[in-house]
Structure formats: C-alpha cells, structure tokens
There are 2 protein chains.
Amino acid sequence: MAKLTSLKSEKRLLDRRAADQIRAHILEGVLPAGERLLETQLSEELEVSRGTVRSALAQLANEGLVQQVAFTRWEVSGTSTVDAWEIYTLRGALEGLGARLAAANVAEADGARLRGLADDLLHAIREGRFQDATSIDFDLHTAIIELARHERLAEQHRFIVQQVRFHMVQSGFLPKDYEELIAEHKALIEAVIAGDADKAEKLARNHNEAEVKLLAQLMKQGGGAKRTRVKAS
Amino acid sequence: MAKLTSLKSEKRLLDRRAADQIRAHILEGVLPAGERLLETQLSEELEVSRGTVRSALAQLANEGLVQQVAFTRWEVSGTSTVDAWEIYTLRGALEGLGARLAAANVAEADGARLRGLADDLLHAIREGRFQDATSIDFDLHTAIIELARHERLAEQHRFIVQQVRFHMVQSGFLPKDYEELIAEHKALIEAVIAGDADKAEKLARNHNEAEVKLLAQLMKQGGGAKRTRVKAS
DNA sequence: TATTTGCTGATTGCTGACAATCAAGCAAAA
DNA sequence: TTTTGCTTGATTGTCAGCAATCAGCAAATA
C-alpha cells in the first residue's frame with residue numbers, strides 16, 4: 001500500500017485553526033503588545049462564529065500570548081524584563097534536564113542529525129541569513145529535547161520556546177555573539193553524543209547564563225515590571 | 001467604612017467553576033481513569049449549558065486530567081509508569097530551580113514559616129495522619145517555590161503537583177519511608193535558609209531520585225505504556 | 001469647579017438549537 | 001466466514017441570539 005498522508009491535519013477543529021492563525025499573527029509581530037482583540041471583528045475576519053473565536057482565544061491565553069480581562073476585553077500580552085528573566089531561567093532548567101536525558105538515549109543516527117543541524121547553523125550565520133539562523137537554533141534545541149523521549153518535557157519546551165520567540169519579536173532581541181553561540185552549540189552536541197550526561201546538562205544550562213545575568217541586572221536597575229502577565233483564572 | 005470582602009471570588013466565570021467541580025471529582029478519585037464524560041450529562045448535573053461544560057473540559061484537557069477524542073468522546077486520562085516517570089523527573093528539574101532561587105531570596109520570616117511547616121509535617125506523621133502529611137508535604141514544596149518569586153515556575157509547579165496528586169490517586173502510590181522523607185525535607189529547608197543555592201538545588205533534585213529510579217526500572221521491565229496521554233492538538 | 005450619579009452603547013458571557021461526525025449493528029454480497 | 005455498504009441513534013462541533021457587565025460620558029448636585 002502506498003504511503004498515505006493522514007487527513008487528520010485537514011480535519012483539525014475550527015477553533016484550533018483559528019488559534020493557529022491568530023497565534024501566527026502575534027508571533028510575526030503583526031499584532032503588537034497591548035493590542036485589543038475584538039471577538040466580533042476576529043469572527044468576521046476568520047469567518048467563524050464568535051464562540052469559536054472565544055475558544056481560540058482561551059487557548060492562546062493558556063499559552064500566555066493573550067490575556068483576558070473578564071467581561072471587558074482581550075489583548076495581546078506584553079513581556080517585561082521580569083518575564084524575559086523567567087522565560088530564560090525556566091528554559092535553562094528544562095533544557096538541562098533534556099540534555100541530560102538525551103545523553104543517556106543518544107544513538108548513531110541522532111549524532112549525525114545533530115551535527116547536520118549545527119552545520120546548517122554555521123552556514124546560515126556565515127552567509128548572514130540571521131533569520132534562518134534563529135530558526136535553526138530553535139530546531140537544534142528541539143532536536144535534543146526529542147532525544148530525551150519525554151512527552152511532557154517536550155510540551156513544556158515547545159511552550160517555552162514559543163515564549164522566547166514572543167519575547168524576541170516584542171523586544172527586538174537578538175543574540176550578540178554568533179561565534180560564541182556556535183562554539184557553545186558544538187560543545188553541547190558533542191557532550192550529548194559522547195553520552196556525558198553531567199557535562200551535557202551543565203552546558204545546556206550555561207547556554208542561557210549570559211542573558212539571564214544581563215536580565216537580572218536590568219531587573220535590579222529598572223524594576224522593569226511594566227507589562228506582567230496576569231493569571232487568567 | 002466597614003471592611004468588605006471582594007465579590008470577585010463569587011464572580012468567577014461559570015466555566016472556571018464548572019472546571020473546578022469536575023477537577024475535584026477527578027482528583028478525589030470519584031471519576032476513575034478511562035471514565036467517559038458526556039457533555040449533556042455534565043451540563044444537566046452542573047445546571048449549565050453544554051457550551052460552558054465544553055469550555056471547562058477544554059481547560060481540564062490542558063491540565064492533562066482529561067483527554068478528547070474529536071467528534072467522539074471525552075474521558076478521564078490515565079497515568080502509566082512512563083507518565084509517572086515523566087512527572088517526577090520534571091518535578092525534580094522545576095523544584096531544583098525553585099530551591100536554587102529560593103536560597104537566593106530567603107528572608108528571616110520565610111525561614112520560620114518553612115520550619116513551621118516541617119514541624120507540622122513531623123507531627124502529622126508521628127500521629128499517623130498520613131492524609132494531612134501528604135497535603136503538608138505539598139504545601140512545603142509550594143512554599144519554597146513561592147520564595148523563588150518566579151510566576152511561570154510557580155504555575156508550572158502547580159501543574160506538576162496536580163499531576164503528582166493525579167498519579168497518586170490512580171495508582172494508590174504512597175511514600176514508603178517517612179523518616180527519610182522528614183530528614184530530606186529538613187536538610188532541604190536548612191540549605192535554603194542558609195542561602196546555599198547549590199546545595200538546595202541538589203537536595204531538591206535528589207528528593208525524587210528514589211522514585212525516579214524505581215519507575216525507570218519498572219519502565220524497562222514492563223514497557224508499561226498502557227494509557228499514555230495523547231496530545232490534544 | 002469638582003464630585004457624584006444615572007444613563008447608554010459596546011463588548012463579553014452564556015444558552016438553546018442545528019449541523020457534522022462517529023460507532024455499532026445489520027443485511028447483502030463475495 | 002469475511003467483507004462491504006447502509007442505516008440509525010448518539011455525541012460532539014458550530015452557530016446565532018439573548019443576558020450580564022463594563023467604560024465612558026453627560027447631567028445633576030454641592
């Protein structure tokens with residue numbers, strides 16, 4: 001039997017697809033922080049009912065991209081310095097665990113794949129395709145997480161990576177030292193491939209350390225709690 | 001003016017309150033794993049419309065307590081050995097980070113509070129009130145997480161603690177060595193109070209290590225992937 | 001002028017009804 | 001005996017409309 005592609009992707013529920021569209025707009029920066037979202041307007045643009053839009057917005061609220069003021073309004077969330085610090089520290093903990101487990105699971109083929117991605121990253125940077133580089137960077141980290149074979153960790157990681165993207169879009173944040181970035185990735189990958197769990201974990205955690213320290217300093221200075229996300233319950 | 005208590009608590013949206021009720025039933029074990037949930041039945045029992053129930057179920061699906069088979073059914077999730085392993089490893093990583101940050105933030109009053117909780121735990125165990133002991137155990141860990149002053153970490157932690165409870169209810173899992181438990185808590189608390197971040201992190205992570213190792217062994221033996229949670233997207 | 005009060009338009013919260021989809025059972029064909 | 005196609009009853013997915021609530025403004029009051 002020829003290999004058929006599942007139709008489930010077509011059949012995704014309407015509210016999920018609505019959420020996808022709105023999410024894409026937010027992560028591309030089309031909808032800036034604080035932008036108000038009207039249920040009726042969205043339902044007209046997406047050609048679905050208000051209830052469906054509502055369900056989509058609830059999902060995005062769970063992802064932290066949107067916040068709800070009961071009976072009053074929906075708006076695109078903003079990320080303060082404090083938020084960024086939270087995101088990067090959490091990322092360190094999650095990727096630390098991921099790298100540790102990945103090192104215990106790694107097989108031949110995995111190593112090739114990781115090294116391939118690192119190569120892609122190198123070329124993208126050398127050729128000045130920084131957009132691509134960022135994307136490959138995320139792919140690389142996600143590939144390591146996949147090796148951990150830990151569904152919940154993978155889900156949390158998707159979540160936190162999305163938050164990182166969100167923050168980068170809003171703040172215009174970009175890595176400052178690409179050479180350092182390459183070297184750190186290289187070291188991390190080799191530690192994973194070598195099966196050195198302790199080293200892999202340590203490298204994964206240190207990977208964000210520079211940003212975390214910078215952000216911690218900014219927090220002390222500016223108190224930067226401008227737009228904190230409120231809990232939606 | 002006399003001090004009035006906010007009405008906001010009363011004003012929680014209906015779907016949230018519906019979710020609370022269903023969640024409570026699940027976490028008390030009234031609804032066992034695999035139990036089918038009918039939207040119409042729930043809407044009659046809770047005296048709200050089906051749409052509201054739907055929204056509540058969607059929230060619970062996000063929390064992993066319930067899973068959805070599109071166009072077909074909702075059911076209470078089950079937790080396999082693999083799930084338990086995931087939960088405890090994630091918990092270790094999160095509480096490790098929490099303990100580290102808590103040690104950096106701790107103040108006088110906090111130390112007293114922590115020691116008080118540890119005392120309560122001790123008494124509960126000595127007096128055989130194991131139900132209470134479990135509850136205090138969670139409170140203690142949560143108190144440490146709060147000291148980290150990290151909103152996202154706190155939210156993830158709430159989430160993972162709920163998963164732990166969920167798993168305990170379904171598997172009848174209980175701590176085996178209460179003396180050890182007390183000693184570990186004592187050491188962790190004192191490390192936090194002393195501001196020793198490295199030690200606090202290490203102790204927090206080791207706190208689950210026995211369970212993790214046991215579960216990892218069970219995984220190898222039984223392959224126990226009976227009822228894994230499927231991704232709801 | 002400053003403050004309070006009541007009104008109004010706009011927006012979200014919730015509901016009941018209709019449409020789409022599915023699992024299960026049965027009968028006919030192979 | 002197995003497969004296929006159909007029917008049916010039940011259940012979920014989506015929609016449009018009514019109810020509850022809010023922010024803002026204008027009138028009233030001091």
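The figures here come from the full heavy-atom set of this structure, side chains too, leaving out hydrogens, waters and symmetry mates. Proteins get letters first, then strands, A, B, ... in listed order; numbering begins at 1 in each.
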Plane angle bin for B:F173 and B:Y88 - parallel if under 30°, tilted between 30 and 60°, otherwise perpendicular: tilted

Contacts of type side-chain hydrogen bond (donor to acceptor under 3.5 Å, both in side chains), residue A:Q21, not counting sequence neighbours: none

Sugar-phosphate, base or nothing in reach of A:R73, heavy atoms under 4.0 Å: sugar-phosphate

For B:F130, all residues meeting ring-ring contact (aromatic ring centres under 6.0 Å, His included), sequence neighbours excluded: B:Y178

Comparing B:V69 and A:S49 on DNA chain D - which has the more 5′ nearest nucleotide: B:V69

B:R54 CZ - D:dT11 C1' separation (whole Å): 10 Å

Boundaries of the chain A footprint along DNA chain C (any atom under 4.0 Å from a heavy atom): C:dT11 to C:dC22

Donor on one side chain, acceptor on other, B:Q59 and B:E63, under 3.5 Å: no

DNA chain C contacts among residues 37-46 of chain A, heavy-atom distance under 4.0 Å: A:L37, A:L38, A:E39

Exercise: do B:H141 and B:E95 side chains pair donor with acceptor under 3.5 Å: yes

Which residues share a side-chain hydrogen bond (donor to acceptor under 3.5 Å, both in side chains) with A:E201, sequence neighbours left out: A:R100, A:R205, B:R205

Over 12 foreign heavy atoms within 6.0 Å of CZ, A:R165: no

Touch class at under 4.0 angstrom, heavy-atom based, for B:V48 against every strand present: sugar-phosphate

Protein-nucleotide distance (A:Q59, atom CD; D:dG13, atom C1'), rounded to Å: 14 Å

Note, A:R152 side chain near B:D83 side chain (heavy atom, < 4.5 Å): yes

Distance, rounded to the nearest Å, where B:W74 contributes CH2 and D:dG13 contributes P: 6 Å

Donor/acceptor link under 3.5 angstrom from B:R50 side chain onto base of D:dG13: yes

B:A70 vs A:T72, nearer the 5' end of DNA chain D by closest nucleotide: B:A70

Please list every donor-acceptor pair under 3.5 Å in which a side-chain atom of residues 29-39 of chain A meets a protein atom from a residue at least two apart or in another chain.
residue	atom	partner	partner atom	Å
A:R36	NH2	A:T72	O	2.9
A:E39	OE1	A:R50	NE	2.9
A:E39	OE1	A:R50	NH2	2.9
A:E39	OE2	A:R54	NH1	2.6
A:E39	OE2	A:W74	NE1	2.9

A:T52 side-chain proximity, nearest of D:dG13, D:dC15, D:dA23: D:dC15

